[in-house]
Engineer: 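Here it is, the structure, as structure tokens.
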Amino acid sequence: MGLLGWIKTKLFPAPALVSVAAPQPAAAARAPRERSAARPADAPLPERAPPSTASRAALLRARVGQLDGDEHLTGQLDNPESDLLERLRQRIESGELDIPLLPPTSVTALEVANRPSVDVHQLVQTIARDPLITSELLRIANSALYATQNEASSLQQAIMRIGLKAVRNVVFSAAMKSSLSNARRLNEYAEEVWRQSQSVAAVARKLGASTGFEREQAYLIGLLHDIGKIVLLGMLQREMRDMSRLSPALVGRTFRLFHESAGGAIAAQWKLPIEIVSVASQHHDFASNEDYPRAAALAKLAHEIDLRLSLRDEGGVRMLVESPALEFLGIRDETARWQLIEAAREEWEAHAHSHPH
Ligand SMILES: [Fe+2]
Ligand SMILES: [Fe+2]
């Protein structure tokens, strides 16, 4: 290959993500990207591609296991772990949940943002006390989602650009992160819960556009639907006493059994919107959610998509077209289903690239 070929590989690099084509119209219609196998001997070495984002998610999964599988409902736990599960069950059934407090800055910021007439100056003053929220707002305001020609360089500009609903989402996101950081001894599990919530939120926002949800509302539904897991990680950490590690089987079973009831409790305690309280307490059996079944179905679908993609389970991705949640959300046409799944995949990949874990 000559210089021209090498330039082509620079201009049209092979995609970092290995995307296995599913038998579907959207993927079939993609033009194959130009690849080049060779490189002139005197050419500088091309930059090494970062590990694919799919493999980063898969690596995290490999460390902590697949926590959301039904297989955790059965199977033997060793003695200390089954004792721990029993202690946890008793505490949860008697209503003794340890619910983390919403951080004080978040409380104040939400109070100010929820007033009928918002004092942006006061909101800026409150949020400026929190460097994490401040930098996140600036990052989002200047991201492709909101970017204009002029950079938002101040917190006030960032808030004005993205709007109060998006500010609220960032505040909740930061509150989740700070609560998760308390589960230090279960750091790997906390990391996966965090990755999952952010990724599901991005996918839900994408799906929401075609299923009748407002963008930021859909994001919040995805972000917070599994918030009960945060409560459980905190409780597991307290109950593990001198155990050095907990198995994915135990954490998975705890999540599977209790995360919806814990989710309803923390969402109510944090005074989240009523729709979120409802979705956090019932989304797996979304059709039985009496008040917000569509929002629950959106959360379920977004989570299923993230799960299959993060497991690199292409067979599972193809099965998503049969998902009852799609039917429930009114997407009946098969081509429309594939298009939606494909759009969600692109969003998932874009999110994973911008938030490497
Ligand atoms: Fe869930
Ligand atoms: Fe979920």
Side-chain angles (χ1 to χ4, degrees), residues 14-33 35 51-62 64-73 192 195-213 218 221-222 225-226 248 252 255-256 283-287 293-353 355 357:
L17 264 168
V18 180
S19 182
V20 180
Q24 32 153 315
R30 281 184 185 156
R33 294 216 187 164
R35 286 167 189 262
S52 84
T53 47
S55 60
R56 273 199 293 266
L59 258 175
L60 198 51
R61 291 254 176 207
V64 300
Q66 209 278 78
L67 300 173
D68 295 283
D70 286 343
E71 69 273 14
H72 292 311
L73 282 175
E192 170 58 6
R195 184 208 65 76
Q196 197 174 62
S197 68
Q198 299 284 305
S199 177
V200 171
V203 169
R205 179 168 55 199
K206 191 73 188 177
L207 297 172
S210 315
T211 46
F213 291 87
I221 290 167
H225 79 284
D226 274 341
F255 283 177
R256 191 69 175 74
H283 51 271
H284 287 255
D285 180 10
F286 54 84
R294 282 179 54 77
L298 177 73
K300 179 82 190 285
L301 179 62
H303 189 140
E304 277 178 353
I305 292 174
D306 171 72
L307 183 63
R308 294 301 145 208
L309 291 172
S310 64
L311 292 171
R312 292 197 283 182
D313 173 9
E314 282 301 322
V317 173
R318 284 194 285 278
M319 297 287 286
L320 289 169
V321 77
E322 309 286 346
S323 165
L326 271 170
E327 177 76 27
F328 197 83
L329 289 167
I331 313 292
R332 305 228 155 75
D333 174 67
E334 195 177 328
T335 308
R337 287 183 177 202
W338 277 125
Q339 281 168 349
L340 198 59
I341 292 168
E342 199 52 25
R345 181 205 288 274
E346 279 169 18
E347 188 66 29
W348 187 90
E349 288 172 355
H351 171 83
H353 274 291
H355 296 75
H357 291 274

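Remember, predicted model here, so these are calculated numbers, not experimental data. Excluded from the calculations below are hydrogen atoms, water molecules and symmetry mates; all remaining heavy atoms, backbone and side chain alike, are included.
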Engineer: According to side chain to side chain donor-acceptor pair (under 3.5 Å), who are the partners of Ser323, at least two apart in sequence or on a separate chain?
Structural biologist: Glu304
Engineer: Any idea which heavy atoms bring Gly208 and Ala218 closest together, and the distance?
Structural biologist: CA-CB, 4.0 Å
Engineer: Examine distances only and state if a side-chain atom of His72 and a backbone atom of Gln66 form a donor-acceptor pair shorter than 3.5 Å.
Structural biologist: yes
Engineer: Not counting sequence neighbours, which residues clear salt bridge (charged side-chain N to carboxylate O under 4.0 Å, His left out) with Asp313? List them please.
Structural biologist: Arg308
Engineer: Heavy atoms, side chains only, cut-off 4.5 Å: are Ile341 and Trp338 in contact?
Structural biologist: yes
Engineer: Taking the side chain as every heavy atom from C-beta outward, state whether Leu67 and Gln196 have any atom pair closer than 4.5 Å.
Structural biologist: no
Engineer: Per the ring pair (Phe, Tyr, Trp, His ring centres under 6.0 Å) rule, what does the pair list look like for residues 299-328, sequence neighbours excluded?
Structural biologist: His225-His303, Phe286-Phe328
Engineer: To the nearest 0.5 Å, how far apart are CD in Glu322 and CG in Leu320?
Structural biologist: 10.0 Å
Engineer: Do Lys206 and Glu346 come within less than 4.5 Å of each other through their side chains, counting heavy atoms only?
Structural biologist: no
Engineer: Taking salt bridge (charged side-chain N to carboxylate O under 4.0 Å, His left out) as the test, write out the residues that go with Asp333, two or more places apart.
Structural biologist: none
Engineer: Any chance you could measure Thr211, atom OG1, to Leu326, atom CG, to the nearest 0.5 Å?
Structural biologist: 9.0 Å
Engineer: Is there a side-chain contact between Leu207 and Ile305, using heavy atoms and a 4.5 Å cut-off?
Structural biologist: yes
Engineer: Suppose we screen for side chain to side chain contact (heavy atoms under 4.5 Å, CB included). Which residues come up paired with Ser199, at least two apart in sequence or across chains?
Structural biologist: Arg195, Asp306, Trp348, His351
Engineer: Do you know the tightest heavy-atom contact between Ala344 and Val203?
Structural biologist: CB-CG1, 4.0 Å
Engineer: Listed by chain and number, what are the side chain to side chain contact (heavy atoms under 4.5 Å, CB included) partners of Ala295, not counting sequence neighbours?
Structural biologist: Phe213, Ile221, Glu275, Val279, Tyr292
Engineer: Among all residues two or more places apart in sequence or in another chain, which pass the salt bridge (charged side-chain N to carboxylate O under 4.0 Å, His left out) test with Arg294?
Structural biologist: none
Engineer: Who pairs with Glu327 by side chain to side chain contact (heavy atoms under 4.5 Å, CB included), at least two apart in sequence or on another chain?
Structural biologist: Arg332, Arg337
